[in-house]
Amino acid sequence: MSDYVNQVTHPVTNSRTTNKESAIPRSLLGSLIGPTWIWLVLFMLLPMLLMFLMTFRTEAFNWREWEFTFENYRKFIETPSYHRLLLRSVWMAFVVAALSVVAAYPVAYVVAFQAGRWRNLMIMLLIVPAMSSFLLRVLAWRIILGSSGLLSTVLLGLGIIDEAAPILLYTPTAVIITLVYVWLPFAALPIAVALNQIEPNLLEAASDLGAKPYATFLRITLPLSMPGVIAAFLFVFIPTLGEYVTPALVGGPEGVMIGNIIWDQFSRALNWPMGALLSMAMLLIVLIPAGFISLYSKISRERAGNYD
Amino acid sequence: MSDTIIELRNISKQYRNPDGGMVDALYPADLSIYAGEFFTLLGPSGCGKSTTLRIMAGFEAATSGDILIKNQSMLKVPAYHRPVNMVFQDYALFPHLTIAKNVEFGLEMKKVPKSEREDRVQAALDMVQLNGLERRKPNQLSGGQRQRVALARALVNEPSVLLLDEPLGALDLKLRRAMQAELKQLQQQVGITFVYVTHDQEEALAMSDRIAVMDGGRYLQVDTPQEIYEHPSTRFVADFIGETNFISATLNSHVADLANVQIGSQAVGVVYRANGIYPGDEVTLAIRPEKLRLEQNANGTELPQLTGTLEQAMYLGTDTRFVVRMETGESLVVREQNQMVNDFRPTIGDAVQVQFTAEDARILTD
Ligand SMILES: Nc1ncnc2c1ncn2[C@@H]1O[C@H](COP(=O)(O)OP(=O)(O)OP(=O)(O)O)[C@@H](O)[C@H]1O
Ligand SMILES: [Mg+2]
């Protein structure tokens, strides 16, 4: 086993070992990597392939009759409401991700730099709500935003509104508020980790060189925490794009997202091919920014090396 | 000497431990640093060197006392407004900025115009011989090069005082020696006051105009390298700087600046500088190995001398290191240069006389 590791990491130093010795590790290599590949093929690639094939079919269930068609693609291209929906979903996911990052940054900052011995407690407090049911937390916002809810009652009491009414409920804004709330802890953690890795003496050095606190933040802290910010953004953006529970519960007709339509296609309309196509479109949308970011960070890592 | 540029008045520092207890990192003390000098804080790990430097830089608030830079109290002046710059032990270069941007940082913060900034960055990089590396990132440089960048980044701001916290600590020995010479030359060239932290006594002796020897949060002795080496004020200083023989003795008598001490069965005369000791008191004699000479027999010399047996001789090239066991059981280290002046070459086991000049032995009372 350790031979095999050496073989991989130090091919030169092991060049004098005999063929017989190196033959065994090679088969070992196959058996080690094997299960992972089987796993990937079985549970990732195969379902994806099936989904992809589904987009060229007219109906889902009878696989004996195979009619290859671009009909779904034509329908997708010709239906503007799909495009609008996709666009709106991307926009909402973007807004939710951006707001989550903005809201999470100060929390992460306090956890990383100012919490001192309260740090672990703060991280706990951040995570505990995330352990309760996702559904519960979304429903809680229905109560807050609803007609007899907290927001309505307070505004009524202040005389700002005349009769109890749902405030913001069943709008895209409600979806955004709810999701920002839900994702905040998940966005805060990667940012806190990134901030925590910044050497404190870099901040001292900046201050020593005449940088006032806000300049130190803009020039040193923020750029060095960017990996965490990007991770947090993707953490939120990706699941939000496929979100369908929250829009269904608090979104109303205007808050519908692509996930709701995909859900409809699979469950109610039983139009799996169209559902599959929309899913593929969504996947593509997620992959493009993720691909760009990983490419970008690879380039900047190659230029700068790791921040060590 | 010249003007005082940094003055610590009754400065002390206590840190609060996580468990709530207090750590005394610095006991209340005064310290003056003169304009243009190379001042070194020397002492073992944890003695408070970095704490002193960080109070000067403004990263740490003193528990008591005042700190003046150019005659102005710095108590309410934040680090980013102090006329000092720091070179950190691990350099603290900004990893996401190029070398040029790192060096330019301080000037940008002070809103120096772009064209002047570029000139000064170039001049600073020239000074540390790093031109051509402007576009690299810190992690693409060697340790010695990073060290130079850190220097350039601080010096480009033309600070009144440069604070250096073990700047050569991370370099290998050879590079370290080379950089010592370079740093010293640089300091003379730019004429900026250097406050330098090290725990390497050789480095301190070689580079400094004055040294503060520290231990356990106190400044034990603040003086020139020569004074500290020749006239250490305490046993700790004598022991920390160079090699020293400590000989237990009893004071017999003293007249004016001459004392007579008893070492075992022998009485010898030494120079008396200490205060507050009386005949009969236990004292320690400190004497450097190179101030001792070996003789075959007690020739009729006036010099103080001690009798012993040669136990060890180690040839070290330029000199030879002898260990002599005295009658009292204590051993002495003697270093003699390998010139032909002394034709006496004792062999192990020989009875020998160890001679010295009364001037060279110090009486320590602690
Ligand atoms: N932030 C802190 N909290 C608590 N104690 C501290 C803190 N910083 C330093 N100390 C303590 O103060 C004392 C002096 O520390 P300082 O860093 O000044 O030592 P030093 O002389 O620079 O040592 P070294 O050569 O190891 O760098 C040490 O006992 C150290 O443990
Ligand atoms: Mg230190």
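Naming convention: chains lettered A, B, ... in sequence-line order (proteins, then strands); numbering from 1 in each chain. It should be emphasised that the depicted structure is a prediction, and the values quoted were computed from it without experimental measurement. In what follows, every heavy atom counts, from backbone to side chain, and hydrogens, waters and symmetry copies are set aside.
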Given that the side chain runs from C-beta out, which part of A/Ala215 has a heavy atom under 4.5 Å from chain B: side chain, backbone, both or neither? side chain
A/Pro213 and B/Tyr80, any side-chain heavy atoms less than 4.5 Å apart: yes
Side chains of A/Ile220 and B/His96: closer than 4.5 Å at any heavy-atom pair? yes
Please report the C-alpha distance between A/Lys212 and B/His81 in whole Å, then the side-chain angles of each, then the deciding distance to 0.1 Å, and finally whether the side-chain contact (heavy atoms from CB on, under 4.5 Å) criterion is met. CA-CA 9 Å; A/Lys212 298 194 176 76; B/His81 280 149; 3.9 Å; yes
Return yes when atom [atom1] of [X] has more than 12 non-hydrogen atoms of other residues, nucleotides or ligands closer than 6.0 Å, and no otherwise.
X: B/Tyr91; atom1: OH; value: yes
X: B/Asp172; atom1: CG; value: yes
X: B/Gln185; atom1: CD; value: no
X: B/Met22; atom1: CE; value: yes
X: A/Phe113; atom1: CZ; value: yes
X: B/Lys110; atom1: NZ; value: yes

If you look at every heavy atom in [X] and [Y], which pair is closest and at what distance?
X: A/Asp208; Y: B/Phe59; answer: CB-CZ, 3.7 Å
X: A/Ala205; Y: B/Arg153; answer: CB-NH2, 3.6 Å
X: B/Leu97; Y: A/Arg219; answer: CD1-NH2, 4.4 Å
X: B/Phe105; Y: A/Ala211; answer: CE2-CB, 3.9 Å

Look up atom [atom1] in [X] and atom [atom2] in [Y], then write down how far apart they are to the nearest 0.5 Å.
X: A/Ser207; Y: B/Met86; atom1: OG; atom2: CE; result: 11.0 Å
X: B/Asp90; Y: A/Asn201; atom1: CG; atom2: CG; result: 4.5 Å
X: B/Asp19; Y: A/Arg117; atom1: CG; atom2: CZ; result: 10.0 Å

Could you look at B/Leu93 and say if it's the side chain, the backbone, both or neither that has a heavy atom under 4.5 Å from chain A? backbone
Could you look at B/Asn85 and say if it's the side chain, the backbone, both or neither that has a heavy atom under 4.5 Å from chain A? both
Among residues 280-288 of chain A, which ones touch chain B with a heavy-atom distance under 4.5 Å? none
